[in-house]
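Accompanying notes for the structure given below.
Whatever order the structure lists them in is the order used to number ligands and atoms, beginning at 1.
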Amino acid sequence: MLSAEDNETLTRVGPGTPMGALLRRYWLPACLSDEVAEPDGPPARVRLLGEDLVAFRDTEGRIGLVEEQCPHRGASLFYGRNEEGGLRCTYHGWKFDVTGQCTDQRSELKPFCEKIQITSYPVHESGGIVWTYMGPEEARTPFRDFGTESLPADQASVVRETVYCNWVQSMDGDVDTAHISNLHQFDAIDDVPDDGSDQPGYPSNYMSMRFWRHDPRSLIEVDDTWYGFRYAGLRTTPNGHQHARISAWTFPGATIIAAIPFNTRLIVVVPVDDVTTYRYNLTTQPPANPRGLGGPPFFTYEKYPFTMPKIGTSGTRDMPRNYTRANDYGMDRVAQKGTSYSGIPDFRSQDNMATETAGPVYDRTREHLGSTDVAVIRMHRLLLRAAKALREAGTEPPAVRGDFRSIRGAEKILEPGEDWRVLGTDDDPVVKEALAARPRP
Ligand code: FES
Ligand SMILES: [Fe+2]
């Protein structure tokens, strides 16, 4: 449970709010590179942290991210003409370059361009995403490289999903491994053959799903790190071994979910505004798994199609939302009594039902937290502490610098006495093997 005041601090992200100020100290995804693919091509609308912006690629290929409203009399620059090194408002023809400087006022008898400057945020393209930094210039830190800086262009892949609730709510589901034993259950798991991988080591993805089902009372252990925390969901397998799913959470909203044997695919949650959220799901590093284990970054099961577009090398796109609150997330009450625990057809719709129906901004004075919520609690505490320290003492936020390429999720059936904290780190033999096979640039 949080106080009403802490819940407000945690969830509100507009200009002038403590959490808004914290988020503005990090490089955040603004839009997909694909949305502004062409020099002098159509601009893209961007709404980020409650601010309305326009992105455009100028004649030279530079990207501008500027406030949407024309400073003359307020018309939207989204409808502007992108031409000859700038974006021109079509109301009276004022024109702005990528830095936000006014460069032409074709309707004015006595132009005063040099006096007109609109808000413009620095951008950096990486991994198929246009990232931006919206904080004070003097506090700007280098772009945080999770591996996308050296990712070959043909291996960059991003899927963006829009979720209609507060950003923290959406992220809560990412650090909550307990729910997979309930929300994501369906009967076809019973058909998964025992392939013998219920032994210390790396199980198949399908066996892993059996373990979720077998033990719904996961023990959650959280380990603080320089970037945030890692946590393990520990379950007992049918043969009595301990199965660990380890996910990593990085300030202010990036999660790498558990996968076999380890994972570097990143989910970045970013607030469009207080009640709308983007989830960018992106490749950060070349696949470097010498054992060919683990399968897809987030699994599909042939008898239970996962409607997320196939994640691969086929470029960037928005994820379709076939199931929303408007159609009760595709709820099938017959399936709910039979083959599917939730009655909702696919994983992401199940997650969206759970997080969106708590309301646009969930009132955490009403929650009752238990033993499986410790990672969620840790995340809220870390965010609140950092936002308050920044506001009250100007303390530099955590994890604005570091080697973000070394952060990984992991999953394994533990050897007796094995410490899950090593799994997925640079000290994990499987990671060492992968790095030896494909050294980091
Ligand atoms: S409102 Fe944009 S030029 Fe007049
Ligand atoms: Fe989920």
Side-chain angles (χ1 to χ4, degrees), residues 43 52 54 56 66-83 86-97 100-113 115-119 159 161 163 165 169-186 189 205 208-209 212-213 216 218 220 231 233 245 247 249 255-259 263 265 267 269 277 279 281 297-301 304 306-308 319 321 323 329 340-358 372-373 375-376 379 409 411:
D52 288 312
V54 176
F56 66 101
V66 299
E67 62 179 290
E68 183 183 357
Q69 280 199 307
C70 177
H72 178 215
R73 284 185 16 229
S76 167
L77 290 172
F78 170 74
Y79 298 93
R81 299 170 62 90
N82 186 11
E83 58 190 16
L87 188 60
R88 192 187 284 282
C89 178
T90 52
Y91 200 175
H92 312 92
W94 290 22
K95 184 176 178 180
F96 305 90
D97 68 15
Q101 179 62 50
C102 182
T103 57
D104 190 28
Q105 293 168 308
R106 71 196 296 265
S107 55
E108 271 303 309
L109 290 174
K110 292 185 187 158
F112 50 100
C113 303
K115 295 205 177 80
I116 304 294
Q117 165 91 37
I118 55 175
T119 300
V159 181
E161 183 181 20
V163 179
C165 66
Q169 247 159 276
S170 183
M171 204 156 59
D172 283 351
D174 298 331
V175 294
D176 167 22
T177 193
H179 79 274
I180 62 179
S181 296
N182 296 282
L183 183 65
H184 301 317
Q185 286 298 311
F186 49 96
I189 291 175
N205 278 327
S208 168
M209 292 159 71
W212 308 358
R213 190 177 187 89
S218 51
I220 312 285
Y231 82 98
R245 277 176 57 82
S247 299
W249 180 85
T255 307
I256 299 177
I257 304 282
N263 187 21
R265 200 173 174 93
I267 297 170
V269 172
T277 300
R279 297 171 58 86
N281 183 321
F298 208 67
F299 60 86
T300 59
Y301 182 59
Y304 194 77
F306 182 42
T307 58
M308 192 155 169
M319 182 169 153
R321 284 282 314 258
Y323 302 115
Y329 302 92
S340 159
Y341 190 87
S342 69
I344 292 169
D346 66 84
F347 273 61
R348 286 304 310 145
S349 301
Q350 291 161 359
D351 285 324
N352 291 334
M353 180 282 290
T355 52
E356 290 177 344
T357 58
T372 58
D373 301 309
V376 174
M379 181 182 73
E411 178 170 345

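Asp52 is not listed as a side-chain neighbour of Gln69, based on a closest heavy-atom distance of 4.5 Å or more. Between Glu67 and Leu77, the closest side-chain pair of non-hydrogen atoms is not below 4.5 Å.
The two atoms that bring Gly93 and Arg88 nearest to each other are O-NH1, 2.8 Å, heavy atoms only. When all heavy atoms are compared, the tightest approach of Cys113 to Gln105 is N-OE1, 3.0 Å.
Residue contact annotation: Asp351 places an N/O/S atom under 2.8 Å from the Fe ion (ligand 2).
For His92, the ring-ring contact (aromatic ring centres under 6.0 Å, His included) partners at least two apart in sequence or on another chain are His72.
If you put the vertex on the Fe ion (ligand 2), NE2 of His179 and NE2 of His184 sit 100° apart, to the nearest 10°.
Between Glu161 and the choices Asp351, Asn352, Asn281, the side-chain contact (heavy atoms from CB on, under 4.5 Å) rule is met once, by Asn352.
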Problem set entry | side-chain hydrogen bond (donor to acceptor under 3.5 Å, both in side chains) evaluation trace for Tyr341 with Gln350 | CA-CA 10 Å; Tyr341 190 87; Gln350 291 161 359; over 6 Å; no
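By the criterion of a separation under 2.8 Å, the protein N/O/S atoms near atom 4 (Fe) of ligand 1 amount to His72 ND1, His92 ND1.
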